[in-house]
Amino acid sequence: MNFLKATFFIFFILISNSCNAVPSDNILMQKGWKALVKDQEAAAFDYFWQAYEKAQKKNVTADKAEALMYLGISSYGASLEKGLQFVTKSLNEYKTLEKTNPQLAKIGRYKCLQLISTIYSRQKKYNDALRLSQEVVKELENTNDTSGTLGLAYASLGNLYELKEQITTAEKYHQLALNDFEKSNVLAYLPTSYCKLGKIAQQKKQKEICLSYFNKAIKLAQQTENKQAQVVAFIALGKWHLEFGTLSQSEILFTKAERIASPLSDKIFEIQAIEALNEVKKKQGKYQEVSQLQNKVIQIKDAFYSFEREQIVKSLEVQFEVAEKDRKLQLISAEKEVSKLTNYLLISLLGLVLVIFTILYFFLKKINKRDKQLLKTKEDLVTLMEEQKRLKELQFQNDIEHKESQLSAITIQMVEKNELLDEIKTIINKKEPNTENELKKVVNKYTIQDNNWKDFDHHFESVNKNFYTRLKQKYPEISANDLKICALIKLNLSIKEMASILNISPDSVKTARHRLRKKLQLSTEENLTEFILSV
């Protein structure tokens, strides 16, 4: 079980060391990447820092973001905290690219998240690592990602579920990682995936399947000259022979793995190869060699931890040197400019203050004068409008009174004329011999009321706007005589007065009113006069 955990840790390191694909066309970052592949972390950090400074001077956000991410990759092996600092800064730079280059920002963001997931795994924050890798998978699994980031996220999930001993889920993610690496032709990661799937097949006692995976891993690792992958593949194949084959073949494979791992700067691989070989020696009963191998492991571990400390010191030294260079350059530049800038700024500031105060004084003065003029104009306008309103109301009232007086005069004139005509008719009915013909002519002359009614209608309509029209619209069957009756009722005249104006008898007026009630569809309870007055 300890060997399984150790092997699992190696796979995490393999994924960590190849956490992202080869960088962009930036020469400095390519040099840094080559140094990183060779485990030259200090040199890699120096190249990436130079790339970052160059990007800062040219203000190229994309290069700054990428350089910071690779600074994180080259730093977290010596200092997980420093690696997190750089990758967090890289995330912020990629965020500023979301509007100008959303696709690059998206891929960069998820590369950073996967790197953080790897760092969390090193810190044994497995739940946080799981959450981040799941987010990477969720966002990239339906895209055409060719950077290998999606495959790395699948592989991380597979390793994390192995820790949880959820082998079925782990196998699913390792298979997805393998499919993604094959699809994207990312050969550097394939040996690791083959070994993981082979190890799971071995646990299931699928002898031939796991052997096929291990052989593929060895072949591809040798083709790509991936030394770390070769070590892992030979150890995995040796474990297969330890279970299904012979001790001698396991010994050969473990020895070969140790020989390849020996020159590697990451001594964990050599330790794993020696421990695997030690297991064979125990089974062979060669306890003296077992003791020698254990001592060798102790020596390597001591040297390895010393090397790690040296790497941390070197990384810190590089960071300090770069920071000091940057600080000195800034101081030199500042010293040259400080006195000249100070004088220039003071003079400029004084002149600017004087100009501002002068402009402000005249501006406020102008605004004050304009506001006074505007206020006076508004007051004059309000007074004028009020006077116009008063005059219009007065004129309107005078017009109404004039029209009402004209209407009353016409009405009275019609009443008086018809009363006069009635008297003349009375004289005619007496049949006096000398006056009959002459009186009949007078009667005929004054009984023609068309002109009088035209004048009456004109003045009536000017006082009662659209009275006739409203009645005709509501009651189309109403006649011209009915309209006359309605107009006289509107003037609130008595039946006798209406009879006099219309030159008919009061009974005829009553009959006309009765017919009008029917046309207006009034019930017996409704008052005709009130109805007409409400129209």
Side-chain angles (χ1 to χ4, degrees), residues 1-15 158-159 162-163 165 167 170-171 174 178 190-304:
M1 191 66 181
N2 290 332
F3 178 77
L4 287 175
K5 289 184 177 179
T7 306
F8 171 75
F9 184 65
I10 286 181
F11 285 121
F12 252 131
I13 292 173
L14 278 171
I15 291 173
N159 292 332
E162 277 190 70
L163 276 179
E165 297 184 355
I167 304 303
E171 182 180 14
H174 284 307
L178 177 63
L190 279 172
T192 305
S193 293
Y194 287 142
C195 287
K196 291 304 297 183
L197 289 170
K199 194 66 183 177
I200 293 173
Q202 186 173 346
Q203 291 176 10
K204 295 180 177 180
K205 306 299 181 183
Q206 296 173 344
K207 180 179 176 182
E208 298 302 324
I209 294 175
C210 60
L211 179 61
S212 173
Y213 276 127
F214 295 148
N215 286 330
K216 284 182 180 180
I218 290 173
K219 182 178 179 181
L220 189 57
Q222 289 174 334
Q223 286 177 355
T224 57
E225 299 181 359
N226 189 336
K227 301 298 183 184
Q228 293 179 353
Q230 289 178 36
V231 173
V232 173
F234 280 127
I235 291 174
L237 186 59
K239 294 299 293 183
W240 184 90
H241 281 284
L242 201 62
E243 183 174 357
F244 301 113
T246 62
L247 286 176
S248 58
Q249 188 61 33
S250 295
E251 185 177 4
I252 292 170
L253 291 167
F254 292 150
T255 302
K256 187 180 290 187
E258 181 192 5
R259 186 175 66 253
I260 296 170
S262 179
L264 294 177
S265 59
D266 194 339
K267 293 301 177 184
I268 289 179
F269 293 94
E270 187 177 2
I271 292 170
Q272 295 302 321
I274 294 172
E275 288 180 345
L277 185 60
N278 209 6
E279 190 174 350
V280 174
K281 298 298 182 183
K282 286 180 183 178
K283 288 183 180 290
Q284 292 173 339
K286 299 178 180 180
Y287 296 109
Q288 185 176 354
E289 292 184 29
V290 169
S291 177
Q292 291 174 352
L293 291 172
Q294 286 177 340
N295 288 331
K296 188 175 182 180
V297 168
I298 292 171
Q299 292 174 3
I300 292 171
K301 284 183 177 180
D302 288 341
F304 175 72

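Here the structure is a predicted model, which is why all the values come from computation and not from measurement.
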First locate atom [atom1] of [X], then atom [atom2] of [Y], and finally report the distance between them rounded to the nearest 0.5 Å.
X: K216; Y: L197; atom1: NZ; atom2: CG; answer: 10.0 Å
X: I260; Y: N226; atom1: CD1; atom2: CG; answer: 10.5 Å
X: L242; Y: E279; atom1: CG; atom2: CD; answer: 5.0 Å
X: F214; Y: H241; atom1: CZ; atom2: NE2; answer: 10.0 Å
X: L237; Y: L253; atom1: CG; atom2: CG; answer: 4.5 Å
X: K282; Y: Y287; atom1: NZ; atom2: OH; answer: 9.0 Å

Compare every heavy atom of G158 with every heavy atom of A170, then report the nearest pair and how far apart it is. CB-O, 3.3 Å
Hey, is the main chain of [Y] close enough, under 3.5 Å, to the side chain of [X] for a donor-acceptor pair?
X: N278; Y: I274; value: no
X: T255; Y: E251; value: yes
X: W240; Y: K199; value: no
X: Q230; Y: A221; value: yes

Please lay out, stage by stage, how F269 and V232 fare under the test side chain to side chain contact (heavy atoms under 4.5 Å, CB included). CA-CA 8 Å; F269 293 94; V232 173; 3.9 Å; yes
Is L211 close to E208 at the side-chain level, that is, under 4.5 Å between some pair of heavy atoms? yes
Could you check if a side-chain atom of F244 sits within less than 4.5 angstrom of a side-chain atom of Q202, using non-hydrogen atoms only? yes
Would you check, one step at a time, whether the test side chain to side chain contact (heavy atoms under 4.5 Å, CB included) holds for V231 with K227? CA-CA 6 Å; V231 173; K227 301 298 183 184; 5.6 Å; no
Polar contact flag, side-chain donor to acceptor under 3.5 angstrom, E289-Q284: no
Derivation of the side chain to side chain contact (heavy atoms under 4.5 Å, CB included) call for Q223 and K219: CA-CA 6 Å; Q223 286 177 355; K219 182 178 179 181; 3.6 Å; yes
